[in-house]
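All chains are named by letter (A, B, ...) in the order of the sequence lines, taking the proteins before the strands, and each is independently numbered beginning at 1.
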Amino acid sequence: MAGWYVLDSTPLGSPEITALLVGIFWDVREVSLVSAIFAFACVFCLAMASVASIILRKQPQKALKAGTAITLTASLLGAAASVWALVSKFEDSYETLWSTALGPFTIGLDPLSSFFLLCVFLVGGLAALYGYGYVKNHPEILKTVLVWFPILLFSMALVVVSSDAMTFLLAWELMTLSSFLLVTADGERTSKPGLVYLLASQLGVVALFAMFAILATGAGSLHFDDMRSAGQPAIAGVVFLLGLLGFGTKAGFWPVHVWLPLAHPAAPSQVSAVMSGVMIKLGIYGLLRMLTFLGTPNYWWGVVLIMIGTMSGMGGIIQAMAQDDLKRILAYSSVENLGIVALGLGLGVLGLSANNNIVATLGFAGALLHVLNHGLYKGLLFQSAGVILGSVKDLNQTGGLIRQMPVTGYVFLTGSAAITGVPTLNGFISELLIFVGAFYGATLLPASQSLWAVAVVPILATLGGLTAVTFVKIFGTAFLGTPRSDYEAKDTVGTMKIALLIGVTLCFIIGIFPAPFVVLVKLGVTPLVSEVQIPQRFFDFLVRLPFVFIGLGAIFALLIFIRRRLLQNREVRAGETWACGYESVSPKMQYTAASFADPALSPAHFLLDARRDDRPAKGAFPKDISYELRLGDRVTNLLWKPAVDFILALSTRTEKLKRSDVRSYLILVLITLVSLLLWQAWVS
Amino acid sequence: MVEVIIHIVLLIFGPLTLLGFIDRVKSRAARRAGPPILQRWYDVAKLLRKGAVYSRTTTIFFKAGPMVALACTAIAALLVPLTGDKAPLSFSGDIFLFSGLLVLGRFAMLLAAMDTGSAFEGMGASREAAFGAMAEPALFLVLLVATMPCGDASFSTAFSQMADTGGLTRDPGLLLAAIAFGAFLVTDLARIPIDDPTTHLELTMIHEVVVLDHSGPDLAFVTIGYALRMWILSAIFVHLLIPVPSGAPLLAVGTMLAGQFIVAIGVGITESVIARLRMTRIPQFLIAASVIAAIGILVQFLGVA
């Protein structure tokens, strides 16, 4: 595929190919160039998977096999290539043959984009593997997924490797469009969520256009390198806010998260996994990329990011606790996790503005690692949710699923534990980085800024506690206890199972052996921080962490042994769960998901538009006893519902205009063209 | 090396005795003779020799819960210095590992409770999860107050520096931190005014109802884990208030033990004179604790500036 592109500075010659063959023995610089070229090639291979599906459209099963095989190979090799490019700190960009009036399309890699490319390939590849099995069971979405899923992966990778505003925005729009088509794959039910998503994305893009326009005017070019070398633009604060709005909409920051809880439940599971796992993170990538153009940031940007992070985190997790639709919970929890990422970014910006490399490195590194971690465990959660929803739709009807689908159960448990941030899993490591970053922020930054860093600590801690409530609620209701209704549940099999197990392994590896991954993200932040620096004594802690976990495991094993020995010669009986001596216990009496979340939720009822309709028992022979609590989303209702309704109504009106008559429609087009020309003439 | 051995000996023999001591204080306050101080030891010994009953609803989660929780607490207990300046394990950032281990232990116990499919245990788990989450910011703010002056997020460094600088005598923020930590302690250990460990009505329980179905060795593990948590949390509480001298292990151990038993007397007397809070008041109590700890941080900042 690389043949399509003439790489202007260094054409692919025989030394590089040899270098690829001899791998690590060759000069690092040249191997890194080859790995970068290889990564580009893998990016374009992803698009090939879609082409292959179109060619094979008459035989969907073959198309599925070919598409998955190509995507998987490209992802696997691409992930390896991007790790290599990251490790060798590859940093360069190339013009392609194609160009527009605004300049040639350019692609390039630097450590930051290499890191995000790794995330795209890793999460995307696992989702493709899972999707193979998922799509087989859902023939109605087969065609859409076959064509657009590889395009979504391709466009995400392209966003990351593009090094000028034009390519970036085109890739960005392609990403939005392909994900929109995937969200709406499943017919009528999904069209409204899809439209809201498209609308929100397009509103966000407007801000991005404005942002890049300001940056490009300052730099005199659309190329990212020129934007960086142009130094801080005059109205950097405005650029920052525009970028925050545009990229924040994609990232799902509260209060512009509105599309997220609608789109995720509508999309097929592996698409939700990719959208939540990687696509929304590209909003974070955009923010970081923008920060590289803005020179030394102002400290209030960090404060804004910390506030946004707090709002997203609390708003997201409170909504997640309130929901009882599995995928909506996961979507809201993504809002929360992106809030955690924003907290890390905020710390990083505070560190940069105070010229403190330790705080900046730890903040950004924590944010980046959380991006990767959330991609992995949210992938697990969405994909195992897909397996559950294949058998039973309503969370309140489930129970005891762990007996019927043990693999899915343990996968979901791993995801839940990781997202809660318990030690031995990857979520703990990225939160640890942010915690320690906040600690150093509190002790090393000037007093006026350090209080903001202090604030990050209790917020992050509360988020962890509330996440535990949310995920114990889901896991406890769905997998533990006894079934609340009759249904047949089938466990995951085939490629879906393999994909899930790989994801679980990765979560544990990062959680138990964090040091190499922290080195990776440390490399990833080099474009942002002039001198990356992680305190040696903290790094020593990370290096020793595996031994602590071995100790933990050893004590656990010892306890298992003791317990087994003690019970060996004793009577072990099976009985019924204690119910105060009450004999005829029914599964309906188990604590429900809604009741479980209530104690933690009740202080937040004002945010949730809580409406009660209680009919308590009255008189000696009470009839009609019912308690009802409805929870909504006050922000969505106040802020977004009117706006969305207005725009949808407006578009219905214009629809009429369009349908009325070809002649009047043509006249409308003509008037628009003429007025645009006149405006252009007047301007110049 | 000697200090590590003393530390482990203290962890083995201290916790259950401390619990028995609290029971004794409570019975004395009520003018009863009360059980022997070693009663908890007898209880645990009896439980370990018993068989067990498992509900047919439960799976492996029910059995794993107490063991995971105990293992986590055991590792966490190695992070808190008991013999003066250094704990057996100390890292730069161990305060976050400490809280993470407590969360993992709680997570395992909550799943064990949900595993029974009992309405009571669901109720208890739901309360424990909610109040645990609300207590979390108080814990972290206290840990910040304790560790920020030394610039290293580690118990050992922080407490040995407190010993050098005079701790509370120089840093009034620590007093506020200790108050907030007291609130965290009673929440995490489910003592009055959050929860009554001696209550017999399932509907009003928090911690007790989470372990309602456990029996035999499992219940013994729960009890040991609980006692161990009490031991280390009271040790941190003592450290916040008294600058434990470093360099003299015997004196340090003496101070710590005296402090911890005074904390136990405090807990016992509190439980004898006040009633528990209404359940709906608990969030306010915990938010107040966080606010107090936050003021502690402000005091520290003003003191530094």
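Contacts between A/L425 and chain B at a heavy-atom distance below 4.5 Å are absent for every atom of the residue. With a threshold of 4.5 angstrom between heavy atoms, B/L298 approaches chain A through side-chain atoms but not through N, CA, C or O. For B/L212, the part lying near chain A is the side chain, with the backbone staying farther off; criterion is any non-hydrogen pair under 4.5 Å. Contacts between B/L141 and chain A at a heavy-atom distance below 4.5 Å involve the side chain alone, from C-beta outward. Looking at B/A125, both its backbone and its side chain come within 4.5 Å of chain A, counting heavy atoms on both sides. When heavy atoms are compared at a cutoff of 4.5 Å, A/F539 does not approach chain B at all. Proximity to chain A is limited to the side chain of B/I297, based on heavy atoms less than 4.5 angstrom apart. With a 4.5 Å cut-off on non-hydrogen atoms, A/F547 does not touch chain B at all. Only the side chain of A/I402 has a heavy atom closer than 4.5 Å to any heavy atom of chain B. With a 4.5 Å cut-off on non-hydrogen atoms, A/P603 touches chain B through its side chain but not through its backbone. When heavy atoms are compared at a cutoff of 4.5 Å, B/D213 approaches chain A solely by way of its side chain, counted from C-beta outward. At a 4.5 Å heavy-atom cutoff, the contact between B/F96 and chain A is made by backbone and side-chain atoms alike. Heavy-atom distances place the side chain of A/L432, and not its backbone, under 4.5 Å from chain B. Both the backbone and the side chain of A/E576 come within contact range of chain B, each with at least one heavy atom under 4.5 Å from a heavy atom of that chain. Proximity to chain B (any heavy atom under 4.5 Å) is restricted, for A/F428, to the side chain, taken from C-beta onward. Both the backbone and the side chain of A/A417 come within less than 4.5 Å of a heavy atom in chain B.
Of all the listed residues (B/R49, B/M279, B/M134), the one sharing the greatest number of non-hydrogen pairs under 4.5 Å with chain A is B/R49. When B/M67, B/E136, B/R127, B/K50 are compared by the number of non-hydrogen pairs under 4.5 Å with chain A, B/M67 comes out ahead. With respect to chain A, the highest number of heavy-atom pairs below 4.5 Å among B/F62, B/F131, B/F140 belongs to B/F140. Heavy-atom pairs under 4.5 Å with chain A peak, among B/A129, B/A52, B/G100, at B/A52. The candidate with the highest count of non-hydrogen atom pairs below 4.5 Å against chain B, out of A/P423, A/G476, A/S416, is A/P423. When A/F435, A/F479, A/F556, A/F538 are compared by the number of non-hydrogen pairs under 4.5 Å with chain B, A/F435 comes out ahead. When A/D540, A/V548, A/L545 are compared by the number of non-hydrogen pairs under 4.5 Å with chain B, A/V548 comes out ahead. Of the residues considered (A/I459, A/T462, A/L552), A/L552 shows the highest number of contacts with chain B, using heavy-atom pairs under 4.5 Å. Of the listed residues (B/A64, B/A294, B/P137), the greatest number of heavy-atom pairs within a distance under 4.5 Å of chain A belongs to B/P137. Ranked by heavy-atom pairs under 4.5 Å with chain A, the first of B/T57, B/L110, B/L78, B/T59 is B/T57. Contact tally against chain B (heavy-atom pairs below 4.5 Å) for A/L559, A/I555, A/T443: the top residue is A/L559.
Within the 4.5 Å cutoff, the side chain of A/V457 has no heavy atoms near those of the A/F439 side chain. Looking only at side-chain heavy atoms (C-beta outward), A/P535 and A/L362 come within less than 4.5 Å of each other. A heavy-atom distance below 4.5 Å is not found between the side chains of B/M123 and B/I206. A/L460 is listed as a side-chain neighbour of A/I340, based on a closest heavy-atom distance under 4.5 Å.
Atom CZ of A/R570 has more than 12 heavy atoms from other residues, nucleotides or ligands within 6.0 Å. By the neighbour-count criterion of 12 heavy atoms within 6.0 Å, atom CG of B/L277 is densely surrounded, having more than that number from other residues, nucleotides or ligands.
B/Y54 and B/D218 are linked by a side-chain donor-acceptor pair at a separation below 3.5 angstrom, with hydrogens and angles left out of the test. For the 3.5 Å distance criterion, the side chains of B/T58 and B/S55 fail to qualify, holding no donor opposite an acceptor. Defined by atom type and a distance below 3.5 Å, a donor-acceptor pair is present between the side-chain atoms of A/Q590 and A/T482. With no hydrogens or angles considered, no side-chain donor-acceptor pair links A/T592 and A/N396 at under 3.5 Å. A/S430 and A/N373 are linked by a side-chain donor-acceptor pair at a separation below 3.5 angstrom, with hydrogens and angles left out of the test.
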Verdict with supporting geometry, B/L144 and A/V454, side-chain contact (heavy atoms from CB on, under 4.5 Å): CA-CA 8 Å; B/L144 276 187; A/V454 169; 3.8 Å; yes

Verify ring pair (Phe, Tyr, Trp, His ring centres under 6.0 Å) between A/F471 and A/F475, making sure each step is shown before the conclusion. CA-CA 6 Å; A/F471 282 87; A/F475 188 79; over 10 Å; no

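Side chain of B/S90 to backbone of B/K86: no donor-acceptor contact under 3.5 angstrom is found.
B/F221 has its ring centre no less than 6.0 Å from the ring centre of B/H214.
A perpendicular orientation is assigned to the rings of B/F155 and B/F98, their planes being inclined by more than 60° (bins at 30° and 60°).
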